[in-house]
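Everything below concerns the one structure shown next.
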Amino acid sequence: MTDTSSTGQARGEAPAPRRRALYRLMRYLPLVAPVLLWAVPCWVLLYAGQHWPAPVTAGGTALFVLGLVAMPLGMARGHGRRQQDAAAVLGDTLLGVSWVMFTWSVLLGVLLRLALAVAGVGDGQDRARAVTWAVLGVSAVLLAWGYAEARRVPRVRRLDVRLPRLGAGLDGLRVVLVTDTHYGPLDRARWSARVCETVNSLEADLVCHTGDIADGTAERRRAQAAPLGTVRATRARVYVTGNHEYYSEAQGWVDLMDRLGWEPLRNRHLLLERGGDTLVVAGVDDVTAESSGLPGHRAHLAGALDGADPGLPVLLLAHQPAFVDRAAAAGVDLQLSGHTHGGQIWPFHHLVRLDQPALAGLSHHGARTVLYTSRGTGFWGPPFRVFAPSEITLLVLRSGN
């Protein structure tokens, strides 16, 4: 088995062109994005030929300016050193609202206005006002629906995954995947308990959590995470870290999951045996672990597979789909990941695709490796999911025979 740590270093020295473009974009995004997210809807709704009465224009402008100030301030106070949950909820919600309004201001501001002009409907003011009401209506509906989608217990997504090297004794093995629960400023302890009840109803042999448990330390989010201790599996419950653990004292989460009865697979593996056949279940720390400075934390696939029979099939837990290049090079049979949230709020998935090789679902890599990317069980930041529903995933493994 090849040690892929040098591969990761080489990638750092010569990143792919799409990653270089993303890094350049991310460098300036915190400065430019808030202004664009609020200024574009403000212009489209108020100043693009509507000729609203002065009080309407002034009041609307004041609301947009207030949003522009409150959003970054709330996020800074909520996610910075102060860690004020109320401020985080305000900032995150405004981020979601502004993103949806920005998206539909751009789309309807161009397409609907053009369609009305081609159809000869009304004059310039009528068309401008029609765009305003359409943007407000569509945004309100999507935000209400997106909030309900984010706060509900995820639907179960069931699928069979055929692994040619899987022995007949393991055929039908039931693997449940939860990931990206992101317990955070909005208290979701009851939601967490209902998620765990749903997982238990699936009668899994193996339950996996592929990281991003929470936004905040284990001590702070303990009540929301506590129901994970009730999850049942006939064989094992396994967990790997995500990038958000490394913003929130990752070792505390590793220790808490261990106390809750989950096995943290920190660059190691266990063997799952049934019917005379064996599956290697391995896990690696998130790829951001090494830069966190925590001693011993890094993504080390060779260490995770050290001592495993190379003739056995391997199921690998790795938080980010981007790890699949290393998994494919090592001959891993199935990698389970999260991280992408399926984009969470359309059309953010286009930015996710710049950084990750898969957005959601099954994909094939190399000669052998199958990757399953979950859209996530919870949500990060804005409490909305638009055209990217959350999921609890039941994968039934099927042998090549």
Side-chain angles (χ1 to χ4, degrees), residues 74-93 150-154 176-201 204 206-233 236-266 268 283 285-286 288-289 292-297 317 319 338-339 341 374 376-383 390-392:
M75 295 186 72
R77 295 177 71 91
H79 300 290
R81 288 186 303 172
R82 288 183 173 86
Q83 295 283 302
Q84 296 177 346
D85 284 350
V89 171
L90 174 64
D92 293 344
T93 301
R151 296 304 302 268
R152 67 169 174 80
V153 174
V176 170
L177 172 62
V178 294
T179 183
D180 298 273
T181 41
H182 283 285
Y183 303 123
L186 281 171
D187 187 356
R188 284 180 289 153
R190 290 180 60 188
W191 173 88
S192 178
R194 292 172 64 196
V195 166
C196 294
E197 290 171 2
T198 301
V199 170
N200 287 338
S201 72
L206 176 69
V207 180
C208 308
H209 195 306
T210 53
D212 279 8
I213 292 180
D215 296 297
T217 63
E219 180 179 359
R220 187 165 191 174
R221 307 299 183 205
R222 182 187 303 269
Q224 294 183 58
L228 291 173
T230 67
V231 168
R232 297 189 299 270
R237 297 174 293 169
V238 292
Y239 156 73
V240 294
T241 56
N243 56 305
H244 278 251
E245 276 86 331
Y246 292 98
Y247 309 147
S248 308
E249 300 176 10
Q251 189 58 49
W253 280 110
V254 172
D255 294 341
L256 178 59
M257 290 297 278
D258 189 29
R259 289 195 295 272
L260 291 175
W262 293 67
E263 292 202 45
L265 294 182
R266 295 200 48 248
R268 68 183 188 88
D285 293 339
D286 183 63
T288 61
S292 71
L294 287 176
H297 284 254
L317 277 60
H319 177 66
H339 185 67
H341 298 209
S374 169
T377 308
F379 61 86
W380 172 86
S390 56
E391 66 179 77
I392 297 168

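Keep in mind that the numbers below use all heavy atoms, side chains included, and drop hydrogens, waters and symmetry copies.
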Quick one: closest heavy-atom pair of A189 and A223, and the distance? CB-O, 4.0 Å
With side chains defined as the heavy atoms from C-beta onward, is the minimum distance between V178 and V199 less than 4.5 Å? yes
Rounded at 0.5 Å granularity, tell me how far CG in L265 sits from OG1 in T241. 10.5 Å
Output for pair (L228 CG, S192 OG), nearest 0.5 Å, gives 5.0 Å
If every non-hydrogen atom of T210 is compared with every non-hydrogen atom of H319, which pair is closest and at what distance? O-ND1, 2.6 Å
Nearest 0.5 Å, please: how far is CG in N243 from OG in S292? 11.5 Å
Do D180 and H339 pair up side chain to side chain, a donor and an acceptor below 3.5 Å, judged on atom types alone? no
Distance-minimising heavy-atom pair for G378 and S390: O-CB, 4.4 Å
Main chain of I392, side chain of T377: is a donor-acceptor contact present, judged purely on distance under 3.5 Å? no
Against the six-membered ring of Y183, is R222 placed for a cation-pi contact (under 6.0 Å from the centre, within 45° of the normal)? no
Student check: side-chain heavy atoms of Y239 and R266 closer than 4.5 Å: no
I'd like to know if the side chain of T230 reaches the main chain of P227, judged simply by a donor and an acceptor atom lying under 3.5 Å from each other, with no hydrogens or angles considered. yes
Contact between V240 and P264 at the side-chain level, heavy atoms closer than 4.5 Å - yes or no? no
In short, L186 meets Q224 closest at the heavy-atom pair O-OE1, 3.5 Å
When every non-hydrogen atom of L177 is compared with those of S374, the smallest separation belongs to CD2-CB, 3.8 Å
Backbone N/O of R194 and side chain of T198: donor-acceptor pair under 3.5 Å: yes
Mind checking the CD-CG spacing from Q84 to L90? Nearest 0.5 Å is all I need. 11.0 Å
Restricting to pairs with a member in residues 249-262, which pass side chain to side chain donor-acceptor pair (under 3.5 Å), not counting sequence neighbours? Q251-D255, Q251-H297
Classify the side-chain pair D215/H244 by whether it contains a donor and acceptor separated by less than 3.5 Å. yes
Audit row: H209, V238, side chain to side chain contact (heavy atoms under 4.5 Å, CB included) steps and yes/no: CA-CA 6 Å; H209 195 306; V238 292; over 6 Å; no
Does some side-chain heavy atom of R237 sit less than 4.5 Å from a side-chain heavy atom of L206? no
Is any side-chain heavy atom of E245 closer than 4.5 Å to one of D286? no
Return yes when atom CZ of R152 has more than 12 non-hydrogen atoms of other residues, nucleotides or ligands closer than 6.0 Å, and no otherwise. yes
So CZ of F379 and OG1 of T181: to nearest 0.5 Å the spacing works out to 11.0 Å
Salt-bridge present (R77, D85; N to O < 4.0 Å): no
If every non-hydrogen atom of L256 is compared with every non-hydrogen atom of A218, which pair is closest and at what distance? CD2-CB, 4.0 Å
I'd like to know if the side chain of R220 reaches the main chain of Q83, judged simply by a donor and an acceptor atom lying under 3.5 Å from each other, with no hydrogens or angles considered. yes
Side chains of V231 and N200 in contact at under 4.5 Å (non-hydrogen atoms): yes
Are any of the side-chain heavy atoms of D212 and W380 separated by less than 4.5 Å? no
Run R268 and E263 through salt bridge (charged side-chain N to carboxylate O under 4.0 Å, His left out) and show every step you take. CA-CA 10 Å; R268 68 183 188 88; E263 292 202 45; 3.2 Å; yes
